[in-house]
Amino acid sequence: MKVLVIGGGGREHAIIAAVSRSPKVEKIFAAPGNAGIAALAECVAIKDTDVDALVTFAYNNKVDLTIVGPEASLALGIVDAFEAHGLKIFGPKKAAAQVEVSKDWAKNVMAKYGVPTARFQTFSDYGEALEYIHKEGAPIVLKYDGLAAGKGVVVAETMAEAEAALKDMLLDEEFGKGSVVIEECLRGTEFSFMCLVDGKNVLPLPIAKDHKRAYDGDKGPNTGGMGAVSPVSLIPNSEVEWSYNNIMCRMAEAMVSEGCPFSGLLYGGLMLTKDGVKVIEFNARFGDPETEVVLPRIESDLFEVMYEVASHDLRTAKLSVNPNLCLGVVMASEGYPKSYQKGFEIQLPALADGDVIYHMGTKRDGGRLLTNGGRVLMVEAMAPTLAEARRRVYETLIPGVKCDNFFFRRDIAEF
């Protein structure tokens with residue numbers, strides 16, 4: 001079979017690495033891919049938002065399955081376009097992708113069907129929103145109602161932070177013209193729960209936990225994620241089972257009832273609070289960087305399962321999962337998630353069994369490997385214990401990466 005993976009980050013590198021292990025896969029294309037992906041797939045210079053060119057490429061190259069990585073492609077209706085041309089594709093249609101694209105839409109569906117989440121209100125008027133946050137007080141959470149590359153959420157601990165975030169989102173339109181969902185601030189342990197969904201059937205993947213803040217001690221601005229670990233010792237299996245039945249399955253059922261059944265990867269960003277598990281957000285695709293620590297643990301043929309999902313015929317009852325722990329740390333460009341420079345040379349170390357480096361933002365210039373994004377590499381190890389995985393990542397792998405413009409968190413999975 002021929003596979004096309006849309007995207008060019010660490011998530012797509014992990015997906016391609018997993019799919020490449022299938023004996024059924026003969027050829028993989030990546031659009032646009034990156035320098036690391038190029039070792040496993042043929043990279044084609046098509047942007048992930050160029051829907052027409054992607055449809056044409058898949059049709060002309062007789063691609064058997066296309067897998068969508070980025071949310072921006074889904075928001076444009078790429079799945080609808082592919083299916084209109086008779087092409088098999090993994091991901092939700094545009095109507096179902098609203099679960100991520102519009103936080104207000106998702107919150108209203110959760111409220112309607114009893115999916116537990118934080119109390120909220122949505123505003124497009126700055127004055128009304130300002131009055132509301134003063135009435136509610138800090139801490140409070142502000143979410144831009146749209147796509148913002150994982151950066152449109154502010155957990156404001158003070159009123160000054162809340163006012164600044166509101167100004168950025170509604171007056172300065174930092175992410176575009178839109179509205180803001182304002183939520184009560186939940187406290188607890190966050191975790192990510194990704195499930196494969198074919199419309200009705202829901203197949204859980206192992207849970208993971210990522211670290212959103214840029215700096216040690218969960219300080220600094222929110223990022224797309226600075227590291228992750230799977231499994232998560234802080235979350236009891238009983239809570240995972242409860243979340244599967246009462247959140248992930250219930251949301252899949254709700255979307256069928258709403259006339260927009262979800263097919264693809266439904267991501268639940270969840271929090272275990274003193275009142276039980278509640279939803280922070282839903283995404284319509286694989287999480288990044290959680291995918292990079294979850295997929296290496298899947299021993300089943302992931303391509304086969306994703307093909308079943310895209311065929312709306314998910315028959316696999318359970319996935320085989322490696323019991324070892326996987327820990328990954330992001331190496332990012334200095335200045336990220338604000339402004340940063342690209343084009344710094346990178347030298348990589350040799351890897352031992354169980355170690356991997358996923359490329360998130362790299363490119364080749366002749367024989368040189370260069371930085372080409374904010375998050376550049378994800379360095380990770382799989383081991384029987386957290387202590388061993390942390391030792392391998394922090395004492396062996398990261399010191400072996402040579403680049404003049406990197407920073408990273410030193411406390412990933414330090415619970």
query = Ser320 side chain to Ser300 main-chain N or O, any donor-acceptor pair under 3.5 Å?
reply = no

ask   = Does a salt bridge link Arg392 with Asp355, judged by any charged N lying under 4.0 Å from a carboxylate O?
value = yes

request  = Step by step, work out the side chain to side chain contact (heavy atoms under 4.5 Å, CB included) result for Cys403 and Met331.
outcome  = CA-CA 10 Å; Cys403 181; Met331 304 191 75; over 6 Å; no

message = Using only atom types and a distance under 3.5 Å, with no angle test, would you say the side chain of Asp216 pairs donor to acceptor with the backbone of Asp218?
response = no

Any donor-acceptor pair under 3.5 Å from Thr371 side chain to Gly343 backbone = yes

query = Would a distance-only check, ignoring hydrogens and angles, find a side-chain to backbone donor-acceptor pair under 3.5 Å from Asp365 to Arg368?
reply = no

inquiry  = Testing Val68, Val294, Leu295 one by one against Phe286 for a side-chain contact (heavy atoms from CB on, under 4.5 Å), which residue passes?
reply    = Leu295

message = Is it the case that the side chain of Arg213 and the backbone of Gly220 share a donor-acceptor pair, with hydrogens and angles ignored and the cut-off at 3.5 Å?
response = yes

request  = Scan Ile46, Thr49, Ile67, Thr66 and name whichever one has a side-chain contact (heavy atoms from CB on, under 4.5 Å) with Ile6.
outcome  = Thr66

message = Would you say that Ile235 contacts Thr189 through its side chain, given a criterion of any heavy-atom pair below 4.5 Å between the two side chains?
response = yes

query = For Arg285 and Leu265, what are the C-alpha separation, side-chain angles and deciding distance, and is it a side chain to side chain contact (heavy atoms under 4.5 Å, CB included)?
reply = CA-CA 5 Å; Arg285 39 73 197 181; Leu265 193 289; 5.5 Å; no

message = For Val79, is there any backbone N or O sitting under 3.5 Å from a side-chain donor or acceptor partner on Lys94?
response = no

task = Dump the intermediate steps for side chain to side chain contact (heavy atoms under 4.5 Å, CB included) on Val3 and Met306, then the final yes or no.
result = CA-CA 11 Å; Val3 179; Met306 295 175 84; over 6 Å; no

Side-chain ion pair, Glu183 and Lys107, N-O less than 4.0 Å = yes

ask   = Do the side chain of Thr117 and the main chain of Val279 share a donor and acceptor less than 3.5 angstrom apart?
value = yes

message = For Ser230 and Arg297: C-alpha separation, side-chain torsions, deciding distance, then whether side chain to side chain donor-acceptor pair (under 3.5 Å) applies.
response = CA-CA 8 Å; Ser230 177; Arg297 300 185 60 218; 3.0 Å; yes

ask   = Counting distance only, does the side-chain N/O of Ser73 pair as donor-acceptor with the main-chain N or O of Asp48 below 3.5 Å?
value = yes

query = Should His134 and Glu163 be marked as a side chain to side chain donor-acceptor pair (under 3.5 Å) after you check the CA-CA gap, both sets of side-chain angles, and the distance that decides it?
reply = CA-CA 9 Å; His134 278 280; Glu163 290 173 350; 2.8 Å; yes

query = Considering the options Ile16, Leu40, Val19, which one meets the side-chain contact (heavy atoms from CB on, under 4.5 Å) requirement together with Val5?
reply = Ile16

task = For atom CG of Asn245, decide whether the heavy atoms of other residues, nucleotides or ligands shown that lie under 6.0 angstrom number more than 12.
result = yes

query = Is Asp210 reaching over with its side chain to a backbone N or O of Ala228, donor-acceptor style, under 3.5 angstrom?
reply = no

inquiry  = Within 45 degrees of the ring normal and closer than 6.0 Å to the centroid, is that where the cationic atom of Arg391 sits relative to Tyr394?
reply    = no

ask   = Do Glu184 side-chain atoms and Arg119 backbone N/O form a donor-acceptor pair below 3.5 Å?
value = yes

task = Please step through side chain to side chain donor-acceptor pair (under 3.5 Å) for the pair Lys93 and Ser263, ending with a clear verdict.
result = CA-CA 8 Å; Lys93 290 185 175 182; Ser263 176; over 6 Å; no

query = Is Lys167 salt-bridged to Asp172, cutoff N-O under 4.0 Å?
reply = yes

ask   = Within a radius of less than 6.0 Å around NZ of Lys27, do more than 12 heavy atoms belonging to other residues, nucleotides or ligands occur?
value = yes

ask   = Relative to each other, are the rings of Phe57 and Phe29 parallel, tilted or perpendicular (30° and 60° limits)?
value = perpendicular

inquiry  = I'd like to know if Glu190 and Lys212 make a salt bridge, using a cut-off of under 4.0 Å between side-chain N and carboxylate O.
reply    = no

key: Cationic N near anionic O, under 4.0 Å, Glu157 to Arg187   = yes

